[in-house]
Amino acid sequence: MICLPTPDAAIVARRASIVRALRALVAQGNVIEDEVRLAAYETDALTAYRQRPLAVVLPETTAQVAAILAFADREGVNVVPRGAGTSLSGGAIPAADAIVVALGKFNRILDVDYANRCVVAQCGVTNLAISHAVASEGFYYAPDPSSQIACTIGGNVAENSGGVHCLKYGLTTNNVLGVELVTPQGEIVRLGGKHLDAGHYDLLGLTVGSEGLIGIVTEVTVRILRRPQTARALLIGFQSIESAGACVAAIIGSGIIPAGMEMMDRPAIAAAEAFVNVGYPLDVEALLIVELDGPAVEVDYLIERVSAIATQNAAAGIRVSTSERERLAFWAGRKAAFPAVGRLSPDYYCMDGTIPRRELPRVLREIDSMQTRYGLRVANVFHAGDGNLHPLILYDANVPGETDKAEAFGFDILKLCVDVGGVLTGEHGVGLEKRDLMTYQFEPVDLEVQHRVKHAFDPSVRFNPGKVFPTLRRCAEQGREHVHSGAERFAHLPRF
């Protein structure tokens with residue numbers, strides 16, 4: 001059961017004074033306290049759960065963020081940072097005793113530097129907006145999560161987001177050069193910059209993927225790339241998941257690194273095709289999308305090699321894009337797969353675990369057997385090239401007990417990922433969703449080191465409380481801390 005700390009009665013009683021103090025720090029109208037407007041902030045993309053915060057504040061400058069955090073530090077007020085609220089792991093779900101610092105007003109691109117091939121953007125700029133801003137000069141920003149039209153670059157930094165092209169071009173951490181960070185004490189610091197190496201402890205690497213636990217990123221410097229001369233995609237159908245998985249391993253094993261390599265199973269294929277009508281084959285068990293980019297002559301050569309490898313692995317059909325429009329159409333179905341699955345079920349639970357590529361057939365077989373055990377269906381969509389799985393567990397929250405079954409099913413999938421040598425998350429983060437599984441992947445000593453890093457930035461444990469760690473006490477209690485999943489339950493979040 002996903003849960004958060006019990007609200008502190010003393011802090012709740014001080015709500016009026018906290019709101020009054022916040023209003024003195026930001027422009028008129030940028031503090032929200034009434035219940036109707038707070039409802040917009042009570043959940044993120046893990047929509048099965050909600051929790052209204054104490055208040056929401058919408059700063060417009062880094063100085064205002066610093067002032068808000070300095071106030072919260074003095075008064076002992078908990079803080080939950082929020083970008084666009086597209087987190088699938090509950091990372092932006094509020095706590096009842098916390099203020100939400102919503103960063104939607106940080107929506108400007110501050111600098112486009114083609115000479116240094118980078119862009120400086122405020123944290124509230126959407127992922128896709130960065131590529132649009134530099135498209136006229138033939139550049140783009142490589143990480144492209146499926147939510148890129150809505151998710152913000154600050155949220156991408158918090159979760160270390162990926163996307164369909166992360167196999168060749170890397171995750172957010174591989175494409176961020178610097179950030180402006182406001183610490184929990186209200187200090188403004190810069191980590192990295194336009195240069196390639198900061199020359200000191202890699203605090204920038206620590207910040208990317210920190211899930212709002214160590215401060216608020218207000219500005220991001222990202223690397224931009226030249227668009228490749230040519231990009232073409234192949235749709236490859238298979239009559240078995242095993243053949244598709246073997247093809248993935250063979251392509252990578254041959255030394256070819258596609259720009260992207262994605263897989264969908266039959267239910268996901270059918271849902272995506274009904275949603276976007278791009279011509280996906282409906283008579284196959286698995287569909288592989290392989291994109292190759294670079295000089296035209298190289299792409300033509302690689303298409304021949306990939307086609308040969310697919311044929312050797314019992315491909316049932318191969319279709320190669322012949323235009324940019326067709327290539328984008330191939331990807332349109334994959335990027336719309338999550339909303340498309342909404343046609344199959346009233347609700348779905350999107351998982352995120354990563355496994356070694358060689359384990360794809362085994363893991364998918366075991367997920368299939370779990371469907372029978374739990375009585376719930378699954379549509380599989382995943383980044384096949386790097387083993388990042390996104391099983392979508394289909395359920396109906398209106399049926400008593402089905403949400404509990406979906407959660408238990410999801411936990412078993414994540415445990416399976418760890419059992420085969422993988423990890424709990426690839427790009428969605430731990431948040432609330434995977435918090436109580438951290439002890440399944442990590443030993444107590446591992447978690448203690450992670451806790452000490454958290455305490456170095458946030459000794460009072462006020463930032464994004466209840467996230468990532470099963471139990472996390474204040475710095476003074478660190479030495480006698482014992483971490484074990486399920487031992488200390490917090491107050492339950494109400495469900496939709």
Between the side chain of [X] and the main-chain N/O of [Y], is any donor-acceptor distance below 3.5 Å?
X: T354; Y: G422; answer: no
X: N464; Y: G91; answer: yes
X: E211; Y: V430; answer: yes
X: N107; Y: G124; answer: no
X: K415; Y: Y440; answer: no
X: E402; Y: A397; answer: no
X: N175; Y: Y141; answer: no
X: R15; Y: L54; answer: yes
X: K168; Y: G260; answer: no
X: D111; Y: A121; answer: no

Are Q122 and L110 close enough, and set up right, to give a side chain to side chain contact (heavy atoms under 4.5 Å, CB included), and what steps lead you there? CA-CA 7 Å; Q122 290 184 313; L110 303 175; 4.0 Å; yes
Counting only pairs under 3.5 Å, give me each side-chain donor-acceptor contact of residues 150-161, with atom names and distances, residues two or more places apart or in other chains.
| residue | atom | partner | partner atom | Å |
| --- | --- | --- | --- | --- |
| T152 | OG1 | G155 | N | 3.2 |
| N156 | OD1 | N127 | ND2 | 3.0 |
| N156 | ND2 | T152 | O | 3.2 |
| N156 | ND2 | S161 | OG | 3.4 |
| N160 | OD1 | T172 | N | 3.4 |
| N160 | OD1 | T173 | N | 2.9 |

Between H451 and F469, what is the ring plane arrangement, given parallel below 30°, perpendicular above 60°, and tilted in between? perpendicular
Test of understanding: with side chain to side chain donor-acceptor pair (under 3.5 Å), list the residues that count as partners of D202, not counting sequence neighbours.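 Expected list: none.
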Within 6.0 angstrom of [X] [atom1], more than 12 heavy atoms from elsewhere:
X: E35; atom1: CD; result: yes
X: R108; atom1: CZ; result: no
X: I149; atom1: CD1; result: no

State whether R190 and E219 are salt-bridged, where the test is any N-O pair (Lys NZ or Arg NE/NH1/NH2 against Asp/Glu carboxylate O) under 4.0 Å.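 A salt bridge links R190 with E219.
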Under 3.5 Å, is there a donor on one side chain and an acceptor on the other for E433 and H428?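 Side chains of E433 and H428: no pair found under 3.5 Å.
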Start with the C-alpha distance between I99 and I68, add both sets of side-chain angles, then the distance that settles side chain to side chain contact (heavy atoms under 4.5 Å, CB included), and finish with yes or no. CA-CA 10 Å; I99 60 171; I68 291 165; 4.0 Å; yes
Donor-acceptor contacts, no H, no angles, side chain residues 334-342, under 3.5 Å, sequence neighbours left out:
| residue | atom | partner | partner atom | Å |
| --- | --- | --- | --- | --- |
| R334 | NE | E262 | OE1 | 2.8 |
| R334 | NH2 | E262 | OE1 | 3.1 |
| K335 | NZ | D144 | OD2 | 3.2 |
| K335 | NZ | Q148 | OE1 | 2.7 |

